[in-house]
Amino acid sequence: MIEEVPHVVWTLDGFSKQDEFLRTQHTISREHIVALREVITPDADDPWMTYCYDVPLDVWPAVEEILHCGPPDPCLDYQISASVAD
């Protein structure tokens with residue numbers, strides 16, 4: 001039997017701590033993750049950023065340059081996260 005390797009999908013997630021319905025999501029490619037690792041340092045045991053990582057606003061210019069995602073919403077907090085695709 002051939003075992004399927006899970007397909008990982010990375011996203012830039014914006015969310016509000018005050019309003020659970022106020023959310024945004026921007027898909028990130030594998031190439032983007034390679035570039036983002038230079039801006040947001042992953043844990044040593046997580047080179048492909050499969051954990052969640054906060055995106056501080058002070059690095060947003062570099063994140064925007066990589067993702068072309070526009071300016072951050074001041075009402076949201078942002079994280080890079082990974083999940084397994086269906």
Side-chain angles (χ1 to χ4, degrees):
M1 176 186 273
I2 298 174
E3 184 176 328
E4 282 191 39
V5 176
H7 178 72
V8 176
V9 176
W10 292 275
T11 55
L12 171 65
D13 301 318
F15 59 94
S16 170
K17 293 177 183 170
Q18 288 75 33
D19 182 351
E20 66 181 89
F21 296 106
L22 185 57
R23 294 182 171 271
T24 185
Q25 192 171 67
H26 183 87
T27 303
I28 300 172
S29 71
R30 184 181 182 102
E31 292 77 22
H32 289 143
I33 282 295
V34 170
L36 286 169
R37 291 186 310 180
E38 301 299 317
V39 177
I40 300 167
T41 306
D43 293 343
D45 64 340
D46 185 30
W48 283 104
M49 299 178 84
T50 57
Y51 304 148
C52 291
Y53 291 90
D54 291 334
V55 179
L57 291 181
D58 63 326
V59 300
W60 195 269
V63 171
E64 201 286 321
E65 184 176 319
I66 294 165
L67 299 179
H68 306 286
C69 54
D73 183 325
C75 297
L76 301 178
D77 292 324
Y78 290 90
Q79 286 187 331
I80 292 174
S81 59
S83 60
V84 177
D86 295 330

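Remember, it's a predicted structure, so these values are computed and weren't measured experimentally.
- A donor-acceptor distance shorter than 3.5 angstrom exists from the side chain of Trp10 to the backbone of Met49, with no hydrogens or angles considered.
- Side-chain atoms of Ile33 and Ile80, non-hydrogen and from C-beta on, do get closer than 4.5 Å to each other.
- Side-chain N/O atoms of Asp46 and Tyr53 include a donor and acceptor closer than 3.5 Å.
- Between Asp73 and Tyr78, the closest side-chain pair of non-hydrogen atoms falls below 4.5 Å.
- Distance NZ/Lys17 to CD/Glu20: 15.0 Å, rounded to 0.5 Å.
- Pro72 places a side-chain heavy atom less than 4.5 Å from the side chain of Leu57.
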For side chain to side chain contact (heavy atoms under 4.5 Å, CB included), just list the numbers for Asp77 and Asp54, CA-CA rounded to whole Å, side-chain angles, deciding distance to a tenth of an Å, and then say yes or no. CA-CA 8 Å; Asp77 292 324; Asp54 291 334; over 6 Å; no

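- Side-chain contact check for Trp48 versus Val34: some heavy-atom pair is nearer than 4.5 Å.
- The minimum heavy-atom distance between Cys75 and Leu22, with the atom names listed, is CB-CD2, 4.4 Å.
- Counted within 6.0 Å of CD on Glu64, heavy atoms from surrounding residues, nucleotides or ligands total more than 12; the atom is thus considered enclosed.
- In this structure, the side chain of Asp43 does not engage the main chain of Asp45 through any donor-acceptor pair within 3.5 Å.
- Contact check for Gln79 versus Phe15: side-chain heavy atoms found under the 4.5 Å cut-off.
- A salt bridge is defined here as a Lys NZ or Arg NE, NH1 or NH2 lying under 4.0 Å from an Asp or Glu carboxylate O, and Arg23 with Asp13 fails to meet this definition.
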Stepwise, does the side chain to side chain contact (heavy atoms under 4.5 Å, CB included) test hold for Leu76 with Thr24? CA-CA 9 Å; Leu76 301 178; Thr24 185; 3.6 Å; yes

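- A 4.5 Å side-chain heavy-atom check between His26 and Thr11 finds every atom pair outside the cut-off.
- Between Gln25 and Leu12, every side-chain heavy-atom pair lies at or beyond the 4.5 Å cut-off.
- Side-chain contact check for Val9 versus Val84: every heavy-atom pair is 4.5 Å or farther apart.
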Show, in sequence, the C-alpha distance, side-chain angles and deciding distance for Trp60 and Cys69, and conclude whether the side chain to side chain contact (heavy atoms under 4.5 Å, CB included) test is met. CA-CA 10 Å; Trp60 195 269; Cys69 54; 3.6 Å; yes

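- A donor-acceptor pair under 3.5 Å is absent between the side-chain atoms of Arg37 and the main chain of Pro42, judged by distance alone.
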